[in-house]
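None of these values were measured; they are calculated from a predicted model.
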Amino acid sequence: MGRPNQPLLNRGNIARAALDLLDEEGPQALKMRTLADRLGVRGASLYHHVASKDDVLDAVSELINEEIDLSPLDDPHWREGIAAYARGYRRVYLRHPNAIAPAARRQVEADKALRGYDALLAALVRAGCTPARAAEAAAAVDYLVLGSALETFTAGFGRAPADYRPHYPALADALTGAAATDSGLAGLDDRGFELGLGLLLDGLAAQLSPA
């Protein structure tokens with residue numbers, strides 16, 4: 001018997017096609033019929049492998065979370081470990097920013113996503129947080145990482161800094177100063193993330209008793 005002309009349909013290649021669709025065209029393009037067309041199958045064929053669009057999003061979440069490195073959370077130096085984890089987490093979503101909005105207000109069901117939260121919370125508790133404070137800190141990490149991956153502060157100001165000066169002098173000064181740094185305006189988003197991450201970890205460290 002000859003080999004099929006296309007790979008056999010399964011949950012994994014449905015998730016990959018859905019993530020590619022999100023990356024290329026945005027969340028509004030993710031429809032079951034569009035996904036079936038991309039895979040070269042009839043829409044009904046998808047439902048042998050996924051129950052619904054929400055199930056597809058769970059599969060996409062699994063795929064994305066496979067890219068997130070949890071190993072830094074095992075670092076005995078909790079601050080360095082959480083910082084490295086947060087940077088890696090952000091890098092993944094900078095590759096897939098269109099996947100943030102569809103998942104942002106959905107219940108977390110994907111096993112790998114749940115394992116990631118569990119590992120972060122365990123690291124925070126080992127660092128000295130109570131479980132309640134660990135939940136607050138994990139939420140703060142999420143806000144910082146996903147917010148910074150979804151939004152670009154720098155791209156909101158497309159004019160030359162001097163063009164803002166007549167009516168917005170503080171903004172002009174800030175952009176001029178940012179442009180004069182080593183990484184310039186192009187690095188402002190990354191520097192803003194690092195500032196927020198450092199302040200978050202400083203504040204958390206100040207609240208923790210020495211281990």
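Within the 4.5 Å cutoff, the side chain of P72 has no heavy atoms near those of the D75 side chain. By the 4.5 Å heavy-atom criterion applied to side chains, L204 and L124 are counted as neighbours. In this structure, the side chains of I68 and L70 come closer than 4.5 Å at one or more pairs of heavy atoms. Residues L22 and P27 are in side-chain contact: their nearest non-hydrogen atoms beyond the backbone lie under 4.5 Å apart.
Under a 3.5 Å cut-off, the side chain of N10 and the backbone N or O of N13 do form a donor-acceptor pair. E109 contributes no side-chain N or O that, together with a main-chain N or O of R106, makes up a donor-acceptor pair within less than 3.5 Å. Although no hydrogens or angles enter the test, the distance criterion places no donor-acceptor pair under 3.5 Å between the side chain of K31 and the main chain of K53. Checking side-chain atoms of N65 against main-chain N and O of S61 turns up a donor-acceptor pair under 3.5 Å. Between the side chain of S148 and the main chain of L144, a donor-acceptor pair closer than 3.5 Å is present.
Distance check, rounded to the nearest 0.5 Å: CD1 of I14 to CG of L63 gives 12.0 Å. Rounded to the nearest 0.5 angstrom, E80 CD and L201 CG are separated by 9.0 Å. Annotation: the span from L94 atom CG to F193 atom CZ amounts to 8.5 Å, rounded to 0.5 Å. Here the straight-line distance linking atom CH2 of W78 with atom CG of L208 works out to 5.5 Å at 0.5 Å rounding. For the atom pair L150 CG and R90 CZ, the distance stands at 12.0 Å (nearest 0.5 Å). For the atom pair CG (L30) and CG (D20), the distance works out to 11.5 Å, reported to the nearest 0.5 Å.
Nearest heavy atom pair, residue V56 against residue A18, reads CG1-CB, 3.6 Å. Closest approach of A110 and D58 over heavy atoms only: CB-O, 3.6 Å. In terms of heavy atoms, G116 sits closest to Y85 at O-OH, 4.4 Å. Between L120 and L73 the shortest heavy-atom distance is N-CD1, 3.6 Å.
Residue Y164 belongs to a hydrophobic cluster whose other members are F153, F157, Y168, L171, L175, L185, L188, with links defined by side-chain heavy atoms closer than 4.5 Å. Hydrophobic cluster membership for L199: L195 (Ile, Leu, Val, Met, Phe, Trp, Tyr linked by side-chain heavy atoms under 4.5 Å, directly or transitively).
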Taking distance alone, no hydrogens or angles, what donor-acceptor pairs closer than 3.5 Å link side-chain atoms of residues 38-50 to residues at least two apart or in another chain?
residue: R38; atom: NH1; partner: E24; partner atom: OE1; Å: 3.3
residue: R38; atom: NH2; partner: E24; partner atom: OE1; Å: 2.8
residue: S45; atom: OG; partner: R42; partner atom: O; Å: 3.4
residue: H49; atom: NE2; partner: L9; partner atom: O; Å: 3.4

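A salt bridge is absent between D23 and R16: the closest approach of a Lys/Arg side-chain nitrogen to an acidic carboxylate oxygen does not fall below 4.0 angstrom. A salt bridge links R95 with E67: at least one charged nitrogen is closer than 4.0 Å to a carboxylate oxygen. Between R87 and E194 there is a salt bridge, with a side-chain nitrogen of the basic residue lying less than 4.0 Å from a carboxylate oxygen of the acidic one. The pair D111-R115 meets the salt-bridge criterion, since a charged nitrogen lies less than 4.0 angstrom from a carboxylate oxygen.
Remark: Q107 CD is loosely packed, at most 12 non-hydrogen atoms of other residues, nucleotides or ligands lying under 6.0 Å away.
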Inset, instruction - Evaluate side chain to side chain donor-acceptor pair (under 3.5 Å) for D69 paired with Y89, printing each intermediate quantity in order. - result: CA-CA 7 Å; D69 183 8; Y89 182 6; over 6 Å; no
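Placement of L200 and L121 in two distinct hydrophobic clusters is found when ILVMFWY residues are connected by side-chain heavy-atom separations under 4.5 Å, directly or transitively. Following chains of ILVMFWY side-chain contacts shorter than 4.5 Å, one can reach V108 starting from V60, so the two form part of one hydrophobic cluster. Put simply, I64 and Y117 are part of the same group of oily side chains (I, L, V, M, F, W, Y) that touch within less than 4.5 Å, one to the next.
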